[in-house]
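Just so you know, ligand 1 is whichever comes first in the structure, and atom 1 is the first atom listed for that ligand.
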Amino acid sequence: MLETRFTQLVKVRFPIVQAGMAGGITTPELVAAVSNAGGLGTIGGGYLTPDQLRESIHRVRELTDRPFAVNLFAPQEPTVSDDEVRAMAAYLDEIRRDLGIKESPSIKKYAESFEEQVEVVIEERVPVFSFTFGIPRAEILDRLREHGSTLIGTATTPREAIALEQCGVDAIVVQGSEAGGHRGTFLEDVERSLIGTMALVPQVVDRVSVPVIASGGIMDGRGLVACLALGAAAVQMGTAFLACPESGAHRLYKQRILQSEDDTTEVTRAYSGKPARGVRTRFMERMRGYSGPIPAYPVQNALTRDIRQEAAKRDDPEYMSLWAGQAHPLATAEPAATIVQRTMEEAAATLRGLLELAGR
Ligand SMILES: Cc1cc2nc3c(=O)[nH]c(=O)nc-3n(C[C@H](O)[C@H](O)[C@H](O)COP(=O)(O)O)c2cc1C
């Protein structure tokens, strides 16, 4: 049921992609459960060392023989001055003092090397490679393609989607502004690229010829059918899988997602220097008091890492990053396979309801 250009392209049963969610959420168990259930599971490899990434790929292969994806961040080369870093480090030290954490920790590197991570994807001949935050160099995309990977880029505007198609990607994730986690925006200002899924998907579908994967705010079969109606060939769901038992999210993060009907989300640069949507926290509030520029990603991400890690250790969600999309109150704690199956059943029921509406 619901065979689309996307299911044919990546050879999966259902047009459902579990988003790569970097930061320990997409355990091999989650990725394999989604792939075994007929969707496309994705390892969020953005923060993994090359060795950790290889281990994760091996473990997924032990758990499933179905296609899966690896997702990485296209490399970022921000210009951040030493003064900016020093001022931010001093401000964060106030928070560290309040939390009783060691001040001014030394930072060895800002981010993992994309080149080394991608080498693992090439060597391991991963079936599907997806990326966000930009477009990797043509030579890298060529090598991935030669080694058999289907390529999926991420766009938040029609212009970005066209740029991705011109680079020869096989499919495009179209990320609406409802989406949880980091914005994939890479051509324009993020503030001018906050287009909702409903508005963005049909614009992109009209302008590119590769399959479009809708993402942002899709939590169930209703969302899947709505996106197919807009012309998408699949959906990518992140928040829907956050609280499932296979997800590696912190226990209190899951609890907050499941119990926070009235919690609103907001897009913030506070944690990483790159705009990302998450449930409002005390850390976000305190960072509003900072008057200088927030160092760009990945610098700010590295500067706040110890605070987030310590908060997780101490079970204090107010200083953790609780990335989540606007539809998070619809998340459930069901196993990942149940989420995939239920979404497909709901899609079938929604389609039957629509046919009745049409008088058939
Ligand atoms: C916790 C979390 C982490 C995320 N990490 C990544 C990531 O590493 N790479 C990526 O391409 N997208 C990432 N995203 C964004 C998803 O790919 C997707 O756009 C988003 O989850 C869709 O919106 P939804 O959360 O409403 O389903 C993340 C999303 C969440 C919620």
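Annotation: H182 places no N or O atom under 3.5 Å from an N or O atom of ligand 1; distance criterion only. Considering backbone and side-chain atoms alike, M237 places every N or O at 3.5 Å or more from each N or O of ligand 1.
Nearest protein neighbour of atom 26 (O) of ligand 1, counting heavy atoms only, is G217 N, 2.8 Å. Looking only at protein heavy atoms, the nearest one to atom 13 (C) of ligand 1 is G20 O, 3.2 Å. Among all protein heavy atoms, the one lying closest to atom 18 (C) of ligand 1 is S215 OG, 4.0 Å. Closest protein heavy atom to atom 25 (O) of ligand 1: T239 OG1, 2.5 Å. The protein heavy atom nearest to atom 8 (O) of ligand 1 is A22 N, 3.0 Å. Nearest protein heavy-atom neighbour of atom 29 (C) of ligand 1: G180 O, 3.1 Å. Looking at atom 22 (C) of ligand 1, its nearest protein heavy atom turns out to be G216 N, 3.4 Å. When hydrogens are left out, the protein atom nearest atom 16 (C) of ligand 1 is A19 CB, 3.6 Å; that is the closest non-hydrogen contact.
Under a cut-off of 6.0 angstrom, the local environment of CZ in R192 is sparse, with at most 12 non-hydrogen atoms contributed by other residues, nucleotides or ligands. Within 6.0 Å of CD in E77 there are 12 or fewer heavy atoms belonging to other residues, nucleotides or ligands. Within 6.0 Å of the CD atom in Q8, the count of heavy atoms belonging to other residues, nucleotides or ligands exceeds 12. No more than 12 heavy atoms of other residues, nucleotides or ligands sit less than 6.0 Å from atom CZ of R13.
Aromatic pair Y297/Y110: ring centres not closer than 6.0 Å. Taking the centre of each ring, Y290 and Y91 come in below the 6.0 Å mark. Separation of the F283 and Y271 ring centroids falls under the 6.0 Å cut-off. Residues F73 and Y47 bring their aromatic ring centres within 6.0 Å.
Every atom of ligand 1 with a heavy atom of T132 under 4.0 Å away is listed here by number and element: 9 (N), 10 (C), 11 (O). The distance from ligand 1 to the heavy atoms of Y253 drops below 4.0 Å at these ligand atoms: 1 (C). Atoms of ligand 1 lying under 4.0 Å from any heavy atom of N71, numbered from 1 in the order shown and given with element: 7 (C), 8 (O), 9 (N), 10 (C), 11 (O). Ligand 1 places these atoms under 4.0 Å from at least one heavy atom of I25: 1 (C).
Only the side chain of Q175 comes within 4.0 Å of ligand 1, counting heavy atoms alone; its backbone N, CA, C and O stay farther away. With a 4.0 Å heavy-atom cut-off, ligand 1 is reached by the side chain of F73 but not by its N, CA, C or O.
Using a 4.0 Å cut-off between charged side-chain N and carboxylate O, E3 and K11 make no salt bridge.
When atom types are taken as modelled, the side chain of R183 and the backbone of G176 share a donor-acceptor pair closer than 3.5 angstrom.
Under the 4.0 angstrom criterion for non-hydrogen atoms, A327 is not in contact with ligand 1. Within the structure, the closest approach of Q236 to ligand 1 falls below 4.0 Å when heavy atoms are considered. Heavy-atom separations between F241 and ligand 1 are all 4.0 Å or longer. Residue contacts with ligand 1: G44 is excluded, as none of its non-hydrogen atoms falls under 4.0 Å.
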Test salt bridge (charged side-chain N to carboxylate O under 4.0 Å, His left out) on D220 and R222; report intermediate values, then the result.
CA-CA 6 Å; D220 52 30; R222 297 170 292 185; 2.7 Å; yes
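No side-chain donor-acceptor contact under 3.5 Å links E266 and T268.
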